[in-house]
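Scroll down for the structure; my scribbles are underneath it.
Reminder, nothing fancy here: chain letters follow the sequence lines and each chain counts from 1. The analysis underlying the following values was restricted to heavy atoms, covering all of them including side chains, and did not include hydrogens, waters or symmetry mates.
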Amino acid sequence: DSGVTQTPKHLITATGQRVTLRCSPRSGDLSVYWYQQSLDQGLQFLIQYYNGEERAKGNILERFSAQQFPDLHSELNLSSLELGDSALYFCASSGRDNSYEQYFGPGTRLTVT
Amino acid sequence: AQKITQTQPGMFVQEKEAVTLDCTYDTSDPSYGLFWYKQPSSGEMIFLIYQGSYDQQNATEGRYSLNFQKARKSANLVISASQLGDSAMYFCAMREVQGGSEKLVFGKGTKLTVNP
């Protein structure tokens, strides 16, 4: 158990809809990262937050947004969903004890039909 | 440009034997870090081992060791005494840092199958 929790584990929704994925980092970690894993694109970095502030953006679509709250949990919002958004979405966290390791949550599997 | 290259889409190994999974990387930064993660069929990403570019010795964690050859820009994962439970996808990743931001850049992965 990495200590990172993600909800829900599975999500099935229709095209055009909006969903919110939630992540709670390990206790003591200030950084939260979101990654997308799809068959065609592999594992791709989406966005990083550090203590509530956005720090880095990767290949994140404009239809996607994220935030990190004062209690350090994070949410990834995906809107106007398309079939191609079907993927496994991971949250990771790091920073405790000044270590570099990113610990991943179990992921949310999103299926857009 | 691809920064992490894993040239072995699939590897097979007999139980109890050692196996090496290849990873080469490309960066012009003098300070970087390399990770290996394991992803079993259940989907979770499990951190295995980390090597910093300035670390003098190769990293080891139990049956996992990292064969770090800086001049060749390679960071191969060695799994000793393979077990059936080692069957999984293995991803090599590089830590990229720019200012206050950081991210992991992943390779495409190697699927390891351990045969009894």
Give each N or O donor-acceptor pair spanning chain A and chain B at a distance under 3.5 Å, with atom names and distance to 0.1 Å, or state none.
residue : atom : partner : partner atom : Å
A:Y33   : OH   : B:E102  : OE1          : 3.4
A:Y35   : OH   : B:L104  : N            : 3.0
A:Q37   : OE1  : B:Q39   : NE2          : 2.8
A:Q37   : NE2  : B:Q39   : OE1          : 2.9
A:Q48   : OE1  : B:E102  : N            : 2.9
A:R55   : NH1  : B:G100  : O            : 2.7
A:Q102  : O    : B:Y37   : OH           : 2.5

When B:I46, B:V97, B:L104 are compared by non-hydrogen pairs under 4.5 Å with chain A, the top option: B:L104

Any residue meeting side-chain contact (heavy atoms from CB on, under 4.5 Å) with A:S65, in chain and number order, not counting sequence neighbours: A:N77

Other residues, nucleotides, ligands: >12 heavy atoms within 6.0 Å of B:L84 CG: yes

All pairs passing disulfide bond (SG atoms under 2.5 Å apart) where residues 22-94 of chain A contributes a residue, at least two apart: A:C23-A:C91

Over all atoms of both residues, closest heavy-atom pair of A:A66 and A:L76: CB-CD1, 4.0 Å

Heavy-atom contact with chain B under 4.5 Å, split by part of A:L88: side chain

Pair listing, disulfide bond (SG atoms under 2.5 Å apart) test, anchored in residues 38-79 of chain A, at least two apart: none

Straight-line distance of A:S80 OG to A:E62 CD, nearest 0.5 Å: 11.5 Å

Non-hydrogen atoms of A:P8 and A:T20 that approach each other most closely: CD-O, 4.3 Å

